[in-house]
Amino acid sequence: MILTYLSALLLLQCTGGYSDLLRGIEVPLYAFAGGQATLSCTYDLRATRLYSLKWYHNNTEFYRYVPTERNRPINIKPSHKFSVMEEFRNDARVTITLAQLRVSASGQYRCEVIAEHPSFRTEAKSATMTVLREPLSPPVLVGAREIYEPTEVISIRCQPRRPFHPDHRPTLQWFLEGNQVESEWVTTDPGAFSQEHSGISLHVPGEQVAAAGGNLQAECRLSLGSHHLSAYKTLRVRVRMISYVENYHSSGPGKSPAATFFDYLLAAASTALLMGRL
Ligand SMILES: *[C@@H]1O[C@H](CO)[C@@H](O)[C@H](O)[C@H]1NC(C)=O
């Protein structure tokens, strides 16, 4: 109880009163060897002036901006881990790009700002970035066919092209016509050999695809941090259009929850058909 009170007081001491000079940093969670990463540090000069802004990697300084040094305000230290370019700089933000990243560029990135005389107050924020050896590949779709019957359930498995380290495993998601598919049509499968090969499967009743006009665009998206790569497949179902308009109009209310996702597609398909018949 007393401890809670004390820590609340401490928090107030740290955050209250001062107007923060350092606003925040942006560091990507992941980057790839040989590739680039863009890092930003934002600050607020309303209460005080900036003496210096520095970037550190694993506590080693590699970038320094000192506004009062008129001739040489920027100091970039050469490094074998990456090359540094200043992308952008104004009174609120410094953005740098690290290129030719090595795996050893993984680690902690810290932006530190020091306020001008008289306070010389120091504020810092840090974030971790991991540089992976290999670039991402789009996921692989397994078990897809060219065409299905309306009576079938279309099942397609999506998995990463290669195994990932358990700490840096990408996530997989299914989308139909750009909408994320609800969990009732998606199953997560453990890998045949190990966890690293696990994937997710999509199960779409063929009749739903038929009701949407006979084809739907399916996308499996692999994401790692802010990096995304997709594999696409058009689901095609053999369809006699007329009977589906009749089915739709006779099915009425009280459908299963799964059906609601496709209601608008159904409606769109049958409207298009009706308009074609007029
Ligand atoms: C920085 O730290 C990370 C994590 O501890 C490590 O993987 C990386 O190799 C370090 N890099 C350097 C150049 O010290």
Side-chain angles (χ1 to χ4, degrees), residues 7 10-11 14-15 20-43 50-67 69 72-89 93-115 120-139 159-172 191 193-199 221-229:
S7 51
L10 275 174
L11 258 176
C14 295
T15 57
D20 285 331
L21 174 60
L22 180 60
R23 276 292 143 119
I25 59 170
E26 283 170 41
V27 176
L29 272 174
Y30 291 100
F32 301 93
Q36 302 192 339
T38 298
L39 286 62
S40 281
C41 187
T42 46
Y43 49 96
L50 183 69
Y51 171 67
S52 68
L53 181 150
K54 295 176 196 167
W55 273 103
Y56 295 83
H57 172 239
N58 287 7
N59 297 322
T60 305
E61 181 193 318
F62 63 89
Y63 171 97
R64 181 191 300 198
Y65 165 46
V66 185
E69 284 180 0
R72 265 180 79 250
I74 302 301
N75 183 346
I76 291 173
K77 297 235 168 60
S79 160
H80 63 279
K81 299 168 288 190
F82 43 65
S83 64
V84 184
M85 287 167 294
E86 190 184 67
E87 260 337 290
F88 176 86
R89 166 161 48 87
R93 179 161 62 95
V94 165
T95 300
I96 56 173
T97 293
L98 308 182
Q100 294 164 287
L101 288 164
R102 299 275 194 106
V103 171
S104 60
S106 296
Q108 199 196 47
Y109 285 85
R110 183 168 91 247
C111 178
E112 180 194 273
V113 292
I114 301 179
F120 287 114
R121 193 172 73 249
T122 303
E123 293 176 13
K125 282 188 198 292
S126 60
T128 300
M129 180 172 86
T130 301
V131 181
L132 298 179
R133 207 168 293 280
E134 288 184 56
L136 280 188
S137 304
Q159 62 192 40
R161 193 170 293 269
R162 58 185 172 82
F164 279 83
H165 188 278
D167 294 340
H168 311 299
R169 194 173 297 151
T171 59
L172 294 168
F193 306 105
S194 65
Q195 265 275 298
E196 283 96 80
H197 290 82
S198 63
R221 187 183 299 170
L222 176 143
S223 306
L224 188 67
S226 53
H227 304 271
H228 308 285
L229 279 176

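We're numbering straight along the sequence, starting at 1. Order of listing sets the numbers, starting from 1, for every ligand and every atom in it.
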For H228, give me all partners under ring-ring contact (aromatic ring centres under 6.0 Å, His included), at least two apart in sequence or on another chain. none
For ligand 1, list all ligand N or O to protein N or O distances below 3.5 Å, rounded to 0.1 Å.
unit_1   : atom_1 : unit_2 : atom_2 : d
ligand 1 : 2 (O)  : N58    : OD1    : 3.2
ligand 1 : 2 (O)  : N58    : ND2    : 2.3
ligand 1 : 11 (N) : N58    : ND2    : 3.0
ligand 1 : 11 (N) : S104   : O      : 3.0
ligand 1 : 14 (O) : N58    : ND2    : 3.1

Output every pair passing salt bridge (charged side-chain N to carboxylate O under 4.0 Å, His left out) with a member in residues 124-137, not counting sequence neighbours, ordered by first then second residue. E134-R162
Verdict with reasoning, Y43 to E123, per side chain to side chain donor-acceptor pair (under 3.5 Å): CA-CA 10 Å; Y43 49 96; E123 293 176 13; over 6 Å; no
Interatomic spacing from CD in E61 to CH2 in W55 - rounded to 0.5 Å: 13.0 Å
Let me have the donor-acceptor pairs involving side chains of residues 35-42, under 3.5 Å, with sequence neighbours excluded, atom names and distances please.
unit_1 : atom_1 : unit_2 : atom_2 : d
T38    : OG1    : T97    : OG1    : 3.3
S40    : OG     : T95    : OG1    : 2.8
T42    : OG1    : G24    : N      : 3.3
T42    : OG1    : G24    : O      : 3.1

Just wondering, do S226 and L29 contact through their side chains at under 4.5 Å, heavy atoms? no
